[in-house]
Amino acid sequence: SSSTSGSGDSAGSKDSKLPAVGATIYKFDDNFMSYVRRAMENSAKGKVNLMLNDSQNDQAKQIEQVDTLIAKGAKSLAINLVDPKAAQTIIDKAKPKNIPVIFFNKEPDANVLAGYDKAYYVGTTSSESGVIQGELIAKAWEANKAKWDKNGDGKLQYVLLKGEPGHPDAEARTKFAVDTVKEKGIQVEQLAMDTAMWDATKATEKMDAWLAKYSDKIEFVIANNDGMALGAIASLEKAGYFSGDKFMPVVGVDAIPEALEMIEKGKMVGTVLNDAKNQGKATVELATNAAKGKDVLDGTSWKLDDKKAVRVPYVEVTKDNIQVGKDAYK
Amino acid sequence: MNTQASKKSNVSKWLVDNVIYVVLILLVVGIVVASPDFLSMTNLINILAQSSSRIIIALGVAGILITAGTDLSAGRMVGLAAVISASMLQAGDYAYKMYPNLPDLPLFVPILIAMAATGLIAALNGVIVSKFHVPPFIATLGMMIGVYGLTSIYFDRPPYGAQPIGGLSEKFTTFAQRGIKVGSYEFPYLILYAIIVSIIIWVIWNKTQLGKNMYAIGGNPEAAKVSGVNVARNLIIIYTIAGLLYGLTGTLEAGRVGSATNNTGNMYELDAIAACVVGGVSLSGGIGSVPGVITGVLIFQVINYGLAFLGVSPYIQFIVKGLIIIVAVAFDMRKHAKKK
Amino acid sequence: MNTQASKKSNVSKWLVDNVIYVVLILLVVGIVVASPDFLSMTNLINILAQSSSRIIIALGVAGILITAGTDLSAGRMVGLAAVISASMLQAGDYAYKMYPNLPDLPLFVPILIAMAATGLIAALNGVIVSKFHVPPFIATLGMMIGVYGLTSIYFDRPPYGAQPIGGLSEKFTTFAQRGIKVGSYEFPYLILYAIIVSIIIWVIWNKTQLGKNMYAIGGNPEAAKVSGVNVARNLIIIYTIAGLLYGLTGTLEAGRVGSATNNTGNMYELDAIAACVVGGVSLSGGIGSVPGVITGVLIFQVINYGLAFLGVSPYIQFIVKGLIIIVAVAFDMRKHAKKK
Amino acid sequence: MSEASSTNLLEMLNITKRFPGVIALNNVSLKVKPGSVHALMGENGAGKSTLMKCLFGIYSMDEGKILFDGKEVSFVNSKQALENGVSMVHQELNQVRQQNVMDNLWLGRYPKKGIFIDEKKMYEDTKAIFKSLDINIDPRSKVSTLSVSEMQMVEIAKAVSYGSKIIVMDEPTSSLTENEVNHLFKIIKKLQSDNVAIIYISHKMEEILKISDEVTIMRDGQYIATKTAKELTTDEIIKLMVGRDLSQRFPAKINKPGDMILKVSNLTAETQPSFVDVNFELRKGEILGIAGLVGSKRTEVVESIFGMRALKSGAIELHGKAVNNHSPQHAIKNGFALVTEERRSTGIFPELSISFNSIISNMGQYRKGPFLSDSKVKEDTQWVIDSMKVKTPTQKTSIGSLSGGNQQKVIIGRWLLTKPDILLLDEPTRGIDVGAKFEIYQLINQLAADGKGIIMISSEMPELLGVTDRILVMSNGKAAGIVETSSTSQEEIMRLAALY
Ligand SMILES: Nc1ncnc2c1ncn2[C@@H]1O[C@H](COP(=O)(O)OP(=O)(O)OP(=O)(O)O)[C@@H](O)[C@H]1O
Ligand SMILES: Nc1ncnc2c1ncn2[C@@H]1O[C@H](COP(=O)(O)OP(=O)(O)OP(=O)(O)O)[C@@H](O)[C@H]1O
Ligand SMILES: [Mg+2]
Ligand SMILES: [Mg+2]
């Protein structure tokens with residue numbers, strides 16, 4: 001016997017006839033998630049009453065929002081975890097009420113997903129953005145080795161700007177970007193690695209210090225996101241890079257508009273695009289079906305893999321395929 | 001002195017003391033008017049459960065505020081305790097255990113270890129404040145930064161690196177997530193823990209020498225000193241108690257969320273301090289009560305929960321929340337607006 | 001009374017006042033010992049440039065601290081100003097302009113608009129504190145939350161949503177990133193701006209009635225009132241000046257980094273307050289000097305920059321930074337350890 | 001020396017104490033016999049409080065030694081002092097205002113039942129102590145609701161309650177009225193009969209000779225003399241304290257009251273209970289005293305005139321024109337000045353310099369364009385220091401490190417700089433030594449002679465009789481009468497004060 005009030009009376013909804021889907025975004029103003037959110041809102045229009053919550057990068061807050069959503073009578077949940085390991089707690093809340101859960105963008109452990117027949121995942125693998133960034137670095141390095149290997153030792157000397165330590169994306173991108181480069185048979189040497197907490201200002205200042213210390217020993221700047229990459233570019237410009245023949249390869253992740261602009265101007269080598277539109281669309285479509293008690297894939301073109309996951313791949317973006325990035329903002 | 005005056009003062013004192021309760025009631029009424037189905041047992045239980053660990057940390061912070069101190073490191077200590085207890089309470093069959101060979105520990109062992117760690121750090125805060133005369137703001141700011149470093153080092157360890165610590169044992173999640181079934185409702189144990197802690201703290205504040213000394217130190221440290229109170233020792237004990245409460249909060253947070261990272265508890269201190277002030281604790285020391293602190297936390301949680309329940313758009317929620325905090329306290333402050 | 005005594009008092013006073021400068025020098029010496037190549041003009045310029053916008057915000061916060069207030073909303077106001085000025089200073093040919101049809105504005109227009117916005121909000125802080133008697137901690141906490149909501153709404157707008165506002169016009173980035181060439185070095189304009197602001201603030205604090213009133217209000221608000229100081233009006237002005245400085249800081253931050261988001265400036269207030277305290281500003285009001293604040297900021301920036309320069313591992317950086325803050329202030333506080 | 005220690009309860013020998021820039025005590029000695037009242041006299045800043053703080057473990061002395069009860073002691077904190085039979089009534093009220101009376105009384109030594117505080121015992125013990133001392137205050141009332149004199153009586157009761165062998169009283173009567181002073185003297189006599197020694201610090205000459213057995217006099221941090229009270233007269237004490245003859249306590253009056261300048265009619269306070277229907281006139285060059293018991297609302301009358309409190313009705317006319325002082329700012333503009341009663345909470349800016357404290361009310365005068373003229377500030381500060389004879393190393397010294405009397409002089413100087421027409425003085429000589437008092441009386445006289453109107457509240461009857469032209473007597477919020485000083489008596493004033 002559920003304590004929540006009967007169907008179709010969720011408070012504050014514009015159209016109480018539509019099935020209610022409760023959704024949480026790990027951080028509303030995250031560059032990428034703001035696009036996913038828009039895609040979700042667009043797909044939901046007229047089909048479902050989407051109740052969106054901002055978890056403010058706090059897993060405890062998200063858990064509480066899930067309580068609220070269930071109390072409000074959500075028929076299914078679309079959860080963008082803050083902390084992927086917390087999936088079990090959310091399932092523990094949804095399962096007794098028989099509410100389906102669509103996790104998106106941050107992937108829970110496979111066994112957790114397997115433990116609840118109404119739990120699904122839409123998104124990528126966290127590691128993939130790192131892998132693609134690594135491939136991008138390797139490709140660019142091989143192509144420009146003659147110019148970029150300033151000391152000619154055949155090794156890639158890099159500095160790395162890390163996001164918030166402990167953040168799953170920061171950890172995965174840091175690890176897999178470098179590992180992938182190594183796997184491609186390129187020798188690397190880490191000159192410096194420090195956290196700039198996803199923040200452009202901090203990235204600028206770290207880069208200032210590194211440039212003062214290593215000056216032209218640095219051959220590559222790897223950033224966990226485009227924001228920090230932009231911060232590094234501001235520092236590099238101040239130090240005279242990108243004018244004349246002074247150049248520094250910089251890569252990021254996210255493909256934000258400003259980064260695309262930098263790529264076009266030749267100040268950035270590339271970035272990694274996450275397909276926000278399709279992630280948002282797939283999430284809402286699965287959640288809507290779930291809310292209506294239908295098969296989650298009903299009437300869609302998505303496919304589930306063996307882990308009950310719909311995979312939306314990352315795409316690398318460089319000057320050559322810049323239009324792919326731009327199209328994401330159409 | 002004369003009874004008439006003191007009677008009148010009692011009535012006005014009653015009103016003054018109760019402004020915050022009025023605020024809380026007004027808030028609830030406001031939300032119910034906007035959405036009548038807010039008035040349900042589920043919502044009540046949810047709000048109480050969500051307030052529980054916040055009450056525990058707030059009571060720790062409040063003790064320090066009453067001594068005219070402050071504690072910015074509270075949130076980071078919650079994080080440290082969460083990481084420690086989670087790392088020792090992973091399910092035996094979980095694949096990514098931090099200590100693969102750790103035997104199945106009784107629940108109280110990791111909890112006590114976590115509390116000991118934060119208690120020790122908080123005691124250090126107390127020593128720095130009372131013996132080295134570093135202003136509490138700076139002492140605990142330094143500690144906040146340092147403890148985050150410490151937690152991160154503990155957290156980011158081979159073989160799995162900086163991964164959220166999950167796969168918690170069932171007894172742990174039961175302890176923090178389950179509750180007592182009453183009819184169709186389940187009253188979370190969390191509420192019970194908060195009640196027990198509140199009672200203990202109430203007794204300490206009101207019935208023991210330590211409590212009286214705490215108020216005296218905050219109200220007039222000179223007076224306390226010349227009356228023979230060992231200010232330093234009392235401060236250290238008060239900070240330590242706060243630390244133990246942070247440790248407990250951290251453990252409960254890990255259990256409640258089902259995982260812990262080095263970011264758990266981030267900024268909790270700000271919410272706790274704000275809740276204390278809204279609940280009538282004076283930042284200049286000497287004033288504060290347990291029911292006040294609890295009410296302050298409830299006000300915050302009703303705002304948080306209520307706005308989400310009403311479906312107010314997140315950015316607007318920030319604006320409304322900021323406004324309510326200011327208005328509630330402005331309302332409460334009318335008692336101080338010297339009526340001359 | 002006798003000259004010998006007063007001479008001695010001057011010497012000891014000099015030493016007491018200069019503990020923080022000694023701390024700064026010790027820090028630099030420490031880092032140089034660890035890595036001799038720290039001693040370079042480039043590093044000096046970098047540290048000064050990075051300190052510049054922090055000095056400006058810290059001077060704003062310091063004025064409020066001297067009145068025995070505090071300002072938690074400072075960082076969020078920096079963010080608001082950054083977002084406003086960046087949105088109005090995007091290059092004409094930039095594809096993702098927030099205002100596609102906005103003509104090319106002279107630099108000072110968006111800067112003044114941003115400063116007016118933060119000045120107004122800060123004035124509101126002043127009104128809430130002085131007229132409604134809300135404790136500054138709560139007033140500015142509420143404002144911090146509210147302003148973040150406001151900034152987010154402004155920032156997160158169609159068509160591009162929550163994307164960093166970039167593509168800044170060259171005159172803007174020149175204004176904030178470039179400098180005066182002297183030999184092979186370029187001294188950033190930023191340093192110049194910080195010097196100008198410091199001089200203006202120094203004059204206000206030391207040479208005007210407003211400055212004297214500020215110290216009076218912080219030193220003893222009751223006595224200030226009796227002495228004929230219009231406490232409310234002066235507070236509002238002091239908060240407003242702080243707001244204008246936050247606005248300027250925000251603009252410079254956007255220009256310096258080349259982009260702005262709603263998170264720009266997040267937590268700057270904590271750094272600013274800490275730097276003020278390290279620089280000798282008293283949190284209980286009435287005490288503080290411009291050179292002290294500047295030194296406080298430099299100490300923080302030397303720590304930040306120095307640790308990154310030394311390549312200390314990020315986690316250890318947190319611990320070391322926390323320790324240095326505490327030790328520096330403990331060292332400084334020996335002057336207050338009542339010579340018994 | 002060894003012979004002396006057998007008869008003395010306390011011997012403080014050759015004590016030296018230095019503060020940065022000041023030698024507060026220079027080789028000072030003090031010997032106190034058991035069961036005696038030993039007065040400690042000296043001008044403001046002579047070092048009396050500092051000496052006592054060295055005894056009580058608040059300061060540690062730089063040189064010297066202390067023998068107590070035959071043993072050498074050196075208390076490192078107040079706790080030790082209290083435990084070893086030394087208690088102290090401090091010069092500044094040291095109370096936790098947010099807590100109640102009994103919490104304050106037992107602070108640092110609460111009676112306990114197991115780990116809990118025994119509130120019942122606390123209450124009963126407090127009652128018992130109050131009863132034995134004949135004090136009528138509810139142990140459960142909050143300290144902040146007490147009047148200043150009640151707080152002081154609680155402090156005295158607290159010091160007594162330790163059952164110490166020696167009690168230091170540092171200006172215990174500075175905020176007590178005649179009745180309460182007599183009450184205190186009774187307590188002291190009782191303590192004496194129990195063989196308790198008292199060290200008594202006061203600036204009130206009348207008290208000293210009334211109750212003390214021996215008197216030690218200090219000047220400028222130096223020991224001057226110890227004499228039995230019998231061999232002393234007021235004039236001799238003053239001579240020893242000041243180091244020169246001071247033939248009179250009050251200067252000859254030189255002011256000549258002229259036309260009326262201030263008329264106060266039917267003044268009634270907004271928030272009651274307070275004063276009702278107060279009427280009086282003040283003439284140019286006149287000194288009008290206000291007498292009354294503590295709590296008779298004298299302070300509230302002058303604070304209302306100065307715009308600090310709201311009025312319900314009534315009018316204030318200055319030079320025949322109605323003035324409306326909404327705030328101190330208006331009042332200052334209209335030519336009023338007020339030296340408040342509580343120097344610490346509404347007078348000084350303790351951390352700030354003497355210069356700052358001198359000029360803060362007069363800032364408008366130093367404006368040169370948008371800036372302040374340093375030279376003029378310096379000049380006026382020097383004027384305050386010189387004309388008020390403030391003892392200070394420099395203009396930049398923080399006022400908080402001055403003795404209370406010197407602080408008061410700076411505050412009076414502050415208001416004189418504003419060149420007021422009407423000067424309101426609320427207990428202007430509280431805690432001030434005779435020498436400084438004389439100087440302040442002279443100043444008041446001179447100001448009156450210069451044509452200013454002066455209103456002066458005082459609880460010291462001789463002072464009112466010696467300085468004023470007329471005295472308004474307040475009783476329980478009402479004006480009980482106005483008397484001509486030259487033709488009144490202490491008895492008449494006391495009778496009026498008790499009228500309502
Ligand atoms: N904490 C301190 N720091 C610096 N100087 C001090 C301190 N305490 C006292 N002094 C100085 O020591 C001297 C003696 O002060 P003390 O308070 O003992 O005087 P007093 O005789 O009690 O005067 P009064 O009658 O005004 O109370 C003064 O010059 C005072 O300025
Ligand atoms: N019950 C009380 N609670 C708080 N403050 C009080 C109370 N009673 C008196 N006061 C304060 O004490 C001061 C003196 O009060 P009041 O005007 O009644 O006495 P008074 O006759 O002026 O005595 P005196 O001049 O000796 O202080 C005032 O500032 C008043 O506000
Ligand atoms: Mg190389
Ligand atoms: Mg004294």
Side-chain angles (χ1 to χ4, degrees), chain A residues 1-6 9-14 24-25 28-29 37 49 51-65 67-73 81-93 96 108-109 111-112 162 164-168 170-172 174-175 195, chain B residues 34-38 40-43 45-47 49-50 53 83 86 94-96 148 151-152 155-156 160-168 173 177-178 183-186 253 255-268 301 304-306 308-315 317-318:
Chain A
S1 60
S2 160
S3 61
T4 54
S5 28
D9 66 341
S10 55
S13 63
K14 278 160 252 147
T24 64
I25 307 287
F28 243 49
D29 51 21
R37 178 155 55 85
N49 169 26
M51 302 181 287
L52 275 170
N53 283 272
D54 177 5
S55 302
Q56 294 164 38
N57 203 20
D58 178 352
Q59 185 59 52
K61 193 161 273 156
Q62 183 168 82
I63 300 277
E64 293 170 2
Q65 287 165 344
D67 284 333
T68 313
L69 289 170
I70 294 174
K72 281 178 76 175
L81 292 163
V82 177
D83 164 1
K85 302 282 186 217
Q88 186 62 51
T89 310
I90 287 172
I91 289 177
D92 288 346
K93 287 179 186 298
D109 288 344
N111 60 330
V112 173
K162 191 174 169 181
E164 185 187 332
H167 190 289
E171 299 298 336
T174 301
K175 181 171 172 4
T195 174
Chain B
S35 167
D37 56 353
F38 182 68
S40 78
M41 192 51 120
T42 315
N43 285 332
I45 292 175
N46 278 345
I47 289 175
Q50 294 177 7
S53 55
V83 167
Y94 184 63
Y96 311 98
Y148 176 63
T151 308
S152 301
F155 172 68
D156 184 358
Y160 303 111
Q163 292 304 318
I165 303 173
L168 303 185
T173 52
Q177 294 178 10
R178 294 270 70 81
S184 63
Y185 299 108
E186 186 173 353
E253 284 297 283
R256 180 166 78 106
V257 173
S259 72
T261 77
N262 56 346
N263 213 21
T264 303
N266 187 20
M267 305 281 276
Y268 279 24
Q301 213 46 37
N304 279 336
Y305 189 93
F309 189 85
L310 292 181
V312 175
S313 116
Y315 294 145
Q317 277 188 35
F318 286 111

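Nothing here was measured: the structure is a model prediction, and the numbers come from that model. Chain identifiers are assigned alphabetically (A, B, ...) following the order of the sequence lines, protein sequences preceding nucleic acid strands; residue numbering begins at 1 within each chain.
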Need one label for A/Asn111: side chain, backbone, both or neither, based on atoms under 4.5 Å from any heavy atom in chain B.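 Neither part.
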
A/Gln56 portion near chain B, given a 4.5 angstrom heavy-atom threshold: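 Contact with chain B involves the side chain of A/Gln56 alone.
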
A/Pro165 and side-chain contact (heavy atoms from CB on, under 4.5 Å): which partner among B/Asn262, B/Thr151, B/Asn263?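 Result: among B/Asn262, B/Thr151, B/Asn263, B/Asn262 is the only option passing the side-chain contact (heavy atoms from CB on, under 4.5 Å) with A/Pro165.
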
Taking side chain as everything from C-beta outward and backbone as N, CA, C, O, which of these in [X] sits under 4.5 Å from a heavy atom of chain A? Side chain, backbone, both or neither.
X: B/Ala260; answer: backbone
X: B/Gln301; answer: side chain
X: B/Phe38; answer: neither

Working to the nearest 0.5 Å, report the span between [atom1] of [X] and [atom2] of [Y].
X: B/Gln317; Y: A/Asn53; atom1: CD; atom2: CG; value: 7.0 Å
X: B/Gln163; Y: A/Asp109; atom1: CD; atom2: CG; value: 9.5 Å
X: A/Glu171; Y: B/Thr261; atom1: CD; atom2: OG1; value: 10.5 Å
X: A/Lys61; Y: B/Asn304; atom1: NZ; atom2: CG; value: 6.0 Å

Please determine whether the number of non-hydrogen atoms from other residues, nucleotides or ligands lying under 6.0 Å from atom OH of B/Tyr94 exceeds 12.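 Correct, the count exceeds 12.
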
Quick one: are B/Gln177 and A/Thr89 in side-chain contact, heavy atoms under 4.5 Å?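 Counting from C-beta outward, B/Gln177 and A/Thr89 do come under 4.5 Å.
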
For A/Ala60 against B/Val257, the heavy-atom pair lying closest together: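 Scanning both residues, the minimum pair turns out to be CA-CG2, 3.6 Å.
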
Does any donor atom in the side chain of B/Ser259 or A/Asp83 lie under 3.5 Å from an acceptor atom in the other side chain?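 A/Asp83 and B/Ser259 do have a side-chain donor-acceptor pair below 3.5 Å.
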
Which residues share a side-chain contact (heavy atoms from CB on, under 4.5 Å) with A/Asp67, sequence neighbours left out: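 A/Asp67 satisfies side-chain contact (heavy atoms from CB on, under 4.5 Å) with A/Lys93, B/Asn46, B/Gln50 only.
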
Non-neighbouring partners of B/Phe155 that pass ring pair (Phe, Tyr, Trp, His ring centres under 6.0 Å), sequence neighbours left out: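 Ring pair (Phe, Tyr, Trp, His ring centres under 6.0 Å) check on B/Phe155 returns nothing, list empty.
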
Stepwise side chain to side chain contact (heavy atoms under 4.5 Å, CB included) test for B/Phe309 and A/Lys72: CA-CA 7 Å; B/Phe309 189 85; A/Lys72 281 178 76 175; 3.3 Å; yes

Among the listed options B/Ser53, B/Gly265, B/Ser313, B/Gly258, the residue most often paired with chain A at heavy-atom distances under 4.5 Å: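 Highest number of pairs under 4.5 Å: B/Gly258.
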
